Protein chains: 2
Amino acid sequence: MATPSAGRSRVNRGSEHVRERLIEAAIGEFAAHGFEGSSGRRIATTAEAHQSQINYHFSSKDDLWKASVERLLAELDAQLVDPLAEVDGADARATFAATVRGLVEFAARRPELNRIMMHEGAAPGDRLAWFVDTHTRTRHEALVALWDVLVASGDAAAVDRDAVYHSLIGAASLFYANAPEAELLGIEPTRQAMIDRHAASVVAMFLNPR
Amino acid sequence: MATPSAGRSRVNRGSEHVRERLIEAAIGEFAAHGFEGSSGRRIATTAEAHQSQINYHFSSKDDLWKASVERLLAELDAQLVDPLAEVDGADARATFAATVRGLVEFAARRPELNRIMMHEGAAPGDRLAWFVDTHTRTRHEALVALWDVLVASGDAAAVDRDAVYHSLIGAASLFYANAPEAELLGIEPTRQAMIDRHAASVVAMFLNPR
DNA sequence: GTCTATAATTAGATAGAC
DNA sequence: GTCTATCTAATTATAGAC
């Protein structure tokens with residue numbers, strides 16, 4: 001039985017088109033069920049492709065996962081206003097606030113990245129090691145460096161530098177990563193007014209009032 | 001081939017003993033891989049039991065999951081100092097700080113509950129609906145009520161009441177739920193000194209300085 | 001590049017011997 | 001209550017026709 005929608009079979013739509021659809025479907029599947037709980041057949045069905053096309057366009061489920069994560073990170077970087085930029089004391093406060101707002105906006109619009117990494121961060125493994133080595137470490141160091149500047153200028157709240165990264169990501173993104181739970185509580189996390197209030201809240205949690 | 005450790009076969013150890021071992025093994029498996037990524041056979045092997053014993057002692061994988069979550073919640077409640085107690089303005093600040101410290105200590109000692117719920121909260125489903133209906137709603141309402149008291153007394157930081165629950169859980173627990181990631185960054189989240197500093201940080205994020 | 005067919009493995013659940 | 005065996009269904013990956 002064919003995997004794609006029944007009726008007439010798929011015609012060649014071009015490699016790039018199929019890759020795109022597979023990545024988009026994979027992002028949703030991996031975010032909802034985690035890597036191990038995800039099924040290549042479900043991903044292919046969502047993408048209106050065949051299960052074996054995953055192994056053709058990507059060499060394995062693992063590679064599809066990496067391609068999905070890198071797609072999401074590219075979108076995040078497009079959202080953030082140069083978070084790795086060197087800043088002096090005068091700019092640090094505004095840079096931090098803008099970064100936090102960017103993180104919150106992105107988490108609300110694209111909760112899949114935080115969902116995927118909350119799944120992966122729960123246990124050691126090759127995917128987590130790859131992600132930390134190629135993506136997290138640089139971002140972590142940049143944030144801690146910025147935090148040290150804010151501590152020196154007296155702008156930082158009393159948050160430990162070793163814990164600031166995870167505290168910030170957690171405060172900024174769990175609301176959206178676990179939006180299905182919030183919705184069952186009668187809250188709508190992704191309304192723009194709610195996003196704005198939440199972003200302001202997170203900034204207030206980490207920066208001392210001027 | 002037998003599932004338990006090879007060699008001599010298991011002898012009757014008593015129903016309660018087997019249930020205990022299965023729950024403990026299930027907690028670790030569900031936390032690491034999520035419900036859908038978890039295997040009953042792996043759980044049984046860890047518990048030195050047979051896969052079919054899961055269906056005997058619990059009627060399904062789903063019921064084993066619920067038993068595991070309720071075990072963890074019982075441990076959490078033993079840790080928290082009556083978080084649902086009514087408090088007047090004078091006590092609210094101390095109650096909140098004690099609750100936060102309890103949440104942080106528990107997340108550090110037993111990251112499995114937060115891991116399991118971060119997996120489940122990523123997508124709608126029967127397990128999430130059950131959890132919210134039977135456990136989350138009451139706790140959420142109690143926290144928001146306490147928060148309203150703190151807002152009225154001027155002790156609360158500028159954090160929105162609709163977002164305070166997830167912001168707090170995120171800030172307090174992601175550090176431990178994703179401890180494998182933190183460890184790859186060279187941080188040891190579960191050292192007692194680190195836990196204490198993190199707990200103090202979270203309190204400082206949510207309460208205005210006195 | 002797409003699609004079918006299939007290999008090899010594993011999943012959860014159940015029936016029945018002991 | 002334990003354990004073996006088995007059923008049905010689903011998994012990823014691969015080989016080969018088109």
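Keep in mind the model is a prediction, meaning the values are calculated, not measured. We name chains A, B, ... by the order of the sequence lines, and we start the count at 1 in each one.
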What's the [atom1]-[atom2] distance between [X] and [N], to the nearest Å?
| X | N | atom1 | atom2 | result |
| --- | --- | --- | --- | --- |
| A/Phe58 | C/dT2 | CZ | P | 11 Å |
| B/Trp65 | C/dG12 | CH2 | P | 16 Å |
| A/Arg19 | C/dT2 | CZ | C1' | 16 Å |
| B/Arg41 | D/dT4 | CZ | P | 12 Å |
| A/Gln51 | C/dT6 | CD | C1' | 11 Å |

Nearest of [options] to any side-chain atom of [X]?
| X | options | answer |
| --- | --- | --- |
| B/Val18 | D/dT2, C/dT2, C/dT14 | D/dT2 |
| A/Tyr56 | D/dA15, C/dT2, C/dT14 | C/dT2 |
| A/Asn55 | D/dT14, C/dA11, C/dT14 | D/dT14 |
| A/Gln53 | C/dA11, C/dC3, C/dT14 | C/dC3 |
| A/Ser60 | C/dC3, C/dA13, D/dA13 | D/dA13 |

- Do B/Ser52 side-chain and D/dT2 base share a donor-acceptor contact under 3.5 Å?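 No such pair is found, so the answer is no.
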- Give the ring-plane orientation class for A/Trp147 versus A/Phe206, where under 30° counts as parallel, over 60° as perpendicular and anything between as tilted.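 Perpendicular: the ring planes of A/Trp147 and A/Phe206 meet at over 60°.
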- Task: Nearest 0.5 Å please: distance from the OG atom of A/Ser68 over to the CZ atom of A/Phe58.
- Result: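 Going from OG on A/Ser68 over to CZ on A/Phe58, the span is 7.0 Å.
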Phosphate contact ([N] OP1 or OP2) by [X] side-chain N/O below 4.0 Å:
| X | N | answer |
| --- | --- | --- |
| A/Ser15 | C/dG1 | yes |
| A/His57 | C/dT2 | yes |
| A/His50 | C/dT2 | no |

- Using only heavy-atom distances, determine whether the side chains of A/Asp91 and A/Thr95 contain a donor-acceptor pair under 3.5 Å. no
- Quick one: label A/Ser38 by what it contacts on the DNA or RNA (base, sugar-phosphate, nothing), any heavy atom closer than 4.0 Å.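 Here A/Ser38 touches the backbone only, sparing every base.
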- Query: Base, sugar-phosphate, or nothing for B/Ser39, non-hydrogen atoms under 4.0 angstrom?
  - Reply: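 Here B/Ser39 touches the backbone only, sparing every base.
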- Got a salt bridge between A/Arg191 and B/Asp162, using NZ or NE/NH1/NH2 to carboxylate O under 4.0 Å?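 No salt bridge links A/Arg191 with B/Asp162.
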- Message: Under a 3.5 Å distance rule, please check whether A/Lys66 uses its side chain to pair with a backbone N or O of A/Trp130 as donor and acceptor.
- Response: no
